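The structure presented is a predicted model; accordingly, all values stated were derived computationally and were not measured. Throughout, a chain's letter reflects where its sequence line sits, starting with A, and its residues are numbered from 1.
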Amino acid sequence: MNIDSLNEKQKEAVINYTGPMLILAGAGSGKTKVLTTKVAYLINEKNIYPENILAITFTNKAAKEMKSRIYSIVGSKAFKIQISTFHSFGLKIIKENARLLGYDSNFTILDSDDSLSVVKKILKEFNIDSNKYNPKAIRNVISNNKNEMIDAISFSKYAHTDFDEIVNKVYEKYERNLKLNNAIDFDDLLILPLKLFKEYPRILQEYQEKYKYVFIDEYQDTNEPQYILSKMISAKYKNITVVGDADQAIFTWRGANYKNILNFEKDYPNCKVVLLEENYRSTKIILKAANNVIKNNKIRKEKNLWTQNDEGCKIVYYKAFDEKDESSYVVHEIKRLLEENVSPNDICVLYRANAQSRTVEEAFLTSNISYNIVGSYAFYNRKEIKDLIAYLKLIYNNKDDISLLRVINYPKRGIGNKSIENLSIKADIENKSLYEVISSGKELQFKNIIEDIKQEVDKISLTELIDLILDKAGIKSDLESEKTIEADIRLENLEEFKSITKTFEDSEGIISLGDFLDELSLVSDVSEQKDDNSEKVTLMTMHSVKGLEFDYVFVVGFEEGLFPHVNSMESNDELEEERRLCYVAITRAKKKLYLINARSRILYGKVSSNIPSRFVKEIGDDLLETVGKKEEVIFKNKIDKTNMYNDDNDLHPGDIITHDKYGTGVVVSIDGVIASIAFKKDGLKKLMKNHKSIKKV
DNA sequence: CGGCAATGTGTTTTT
DNA sequence: CACATTGCCG
């Protein structure tokens, strides 16, 4: 195996393959390369079995990327390596030991919305006024406690205030309810494995034997349970390599503790430390800008990231008039790049909050630039999709009260509050789930529908199962009988969901309901579930872009209040995290960086004006090329809207249209200027409502 | 019980 | 602004 393309430090990191190692890898210093090479080196050169290797990444996307890179070196052996996020790995362990942990193998994973529902339900049962005690706040405290591994009993010792007392009560009931529902929440994915290992040391030993070589990426963003899990699993052989960069710690708000990386040398006194300080990614100017920003952080270890790369061009700073002007500029500039034969895949647009994607998306649609929004949960948040998933979850795990409550009276079956209250009381007394205590009335009819569907589960495919549910539960007939545009849209969305399961089945073969539900809870991003190889500009948050790189990076909303975000400006700690986030964003760029802000923009329905982000000043004038107002006027005129647009196509959902490129389609929904249209050939697409290429039939 | 209208409420980042 | 929840009436 050839490792000549590595520098001396990188080689050192690869060749020293036993014992604990800390790799402090600055942005763009080739840490992914080192990590993948080291794993491949173990397999190809040291004859380590791939199944003895565990590699933990921060996102599912990173896991996928790593798999394919290792595959390209070692071939199909790569499939035997356990490469996943902490959460997926936790799930695997829980699955393998469900009964020991007191769960049936078909347990349900609750997302944070589900957790909130549980909290709300408990508050109601306790007659606690949810206006006085915010359910979200309570859920967050519970989650924080779980992550610090403080259980309800221990928490009672800390409970001093009125609020704490309430939380304590709810926390205790919450945990009991989950158990009763054979359900685990997101925090449990990390905590239950630890519990297992503590109670059954022999099982821990088995895992230690299995995973003799452990790799943890983004170590600065590990939280307490993740930290302990890493430590436990590698305790026997101590072949643990961790990689990270404290300057890129951006998840402390989620309980991550960047001190874990600072303390690694204390945890493993004989560990090897490798510093990767040469940056191969960015231009000198981009790197300088990043360094200028991050050096303003007080709580920080000084480091020297350098590059042999070219000076590069200055960072473009555009002060837009408003958010529309901001996106027009982005579009204008991207169009120019595309004309220079830059691939859309090499461009990304970053923002602080997901809500900011909307205006950018509109501008992209206007100018026919294909794009992909990463982390768009909008689809799975639609009512009809959630309802369908609730049916699937209930069929898989009857004890799932949250799902049952969601669908027991959908479509309307005449089961109202009174009946549900009675069921709840009965369930509480008998210490059973709602489903189990159903024995009469309309509720029983519902139960029978579920039982009937259950009979078929193992005989049919997932896509067929969905059809069966839509049919037997009466969802389809209910929506069809409504004869409203709304209902038609819902039906379309359900079809879209089926196309996701279909793609899934086509690529993975027969997939069980359980596996599919797991996938849904761990990968809640539609774009990750569709394979699409066409070239696209990527839109995502600065948090999601972590670990990735692009030739051209646009950062929008570079304003005080948006970035740094208002809610993160109260303490210095929060502000320093925003600064690290800025550091991450800047260092994603290889060739050219664009920073854009708007003098005024509409926020939460109100016009507001923000001053430029403090990070502009920190970067420094000499690295910036401020694009003036004059040029803005010029490019605005360049986009000749009158040629491409009708005044008003007067499109409405349900209309049948033809499109010059995509052919016949039906309008599914209109959202402002964006029309969602389902085409016969190409499926659902978002287009500008008034585009000339759309004609009503 | 179901439907509708009025009122209120919160608006960051993600596995 | 967008939504979720509440309260009232048929």
**OP:** Could you tell me the separation between the CG atom of D573(A) and the P atom of dT13(B), rounded to a whole number of Å?
**Re:** 21 Å
Original post:
Considering residues at least two apart in sequence or located in another chain, which fulfil the side chain to side chain donor-acceptor pair (under 3.5 Å) criterion with S115(A)?
Top reply: Y174(A)
**OP:** Give a yes/no on whether any side-chain N or O of S544(A) is located under 4.0 angstrom from OP1 or OP2 of dT14(B).
**Re:** yes
Original post:
Expressed in angstrom and rounded to an integer, what is the separation of L603(A) atom CG from dA2(C) atom P?
Top reply: 14 Å
Subject >> Whether H543(A) and W253(A) hold their rings parallel, tilted or perpendicular, with breakpoints at 30° and 60° >> reply: perpendicular
**OP:** Grab the CG-P distance between L229(A) and dT15(B) for me, whole Å please.
**Re:** 18 Å
Subject >> M542(A) CE to dT13(B) C1', straight-line distance once rounded to whole Å >> reply: 10 Å
**OP:** Provide the distance between the two P atoms, one in dT11(B) and one in dT6(C), to the nearest whole Å.
**Re:** 16 Å
Original post:
To the nearest Å, how far apart are N140(A) CG and dT11(B) P?
Top reply: 10 Å
**OP:** Could you tell me whether F58(A) contacts a base, only the sugar-phosphate backbone, or nothing, with contacts defined as non-hydrogen atoms closer than 4.0 Å?
**Re:** sugar-phosphate
Original post:
Parallel, tilted or perpendicular: which describes the rings of Y211(A) and F89(A), with under 30° parallel and over 60° perpendicular?
Top reply: perpendicular
Original post:
Rounded to whole angstrom units, what separation is found between the CG atom of N134(A) and the C1' atom of dG10(B)?
Top reply: 9 Å
Original post:
Ring stacking, H543(A) with base of dT13(B), under 5.5 Å and under 30°?
Top reply: no
**OP:** Rounded off to whole Å, could you give me the NZ-to-C1' distance for the K132(A) and dT9(B) pair?
**Re:** 19 Å
Subject >> Residue mapping more 5' on DNA chain B - nearest nucleotide basis, F186(A) or S568(A) >> reply: S568(A)
**OP:** Report the residues that fulfil side chain to side chain donor-acceptor pair (under 3.5 Å) with Q226(A), sequence neighbours left out, ordered by chain and then residue number.
**Re:** none
Original post:
For K383(A), which contact category applies under a 4.0 Å heavy-atom criterion: base, sugar-phosphate, or nothing?
Top reply: nothing
**OP:** Kindly state each residue pair satisfying ring-ring contact (aromatic ring centres under 6.0 Å, His included) with at least one member in residues 106-142 of chain A, sequence neighbours excluded.
**Re:** none
**OP:** Applying side chain to side chain donor-acceptor pair (under 3.5 Å), name anything that partners R413(A), two or more places apart in sequence or on another chain.
**Re:** Y391(A)
**OP:** Rounded to the nearest angstrom, tell me the gap between atom CZ in R352(A) and atom C1' in dT14(B).
**Re:** 11 Å
Subject >> First of K136(A) and T541(A) reached from the 5' end of DNA chain B, by closest nucleotide >> reply: K136(A)
Original post:
Excluding sequence neighbours, so at least two apart, what forms salt bridge (Lys or Arg N to Asp or Glu O under 4.0 Å) with K179(A)?
Top reply: none
**OP:** Please answer whether dT13(B) and W253(A) are stacked, defined here as ring centres separated by less than 5.5 Å and planes angled under 30°.
**Re:** yes
**OP:** If a protein heavy atom is under 4.0 Å from the base, mark B; if only from the sugar-phosphate, S; if neither, -; do that for nucleotides 1-8 of chain B going 5' to 3'.
**Re:** SSS-----
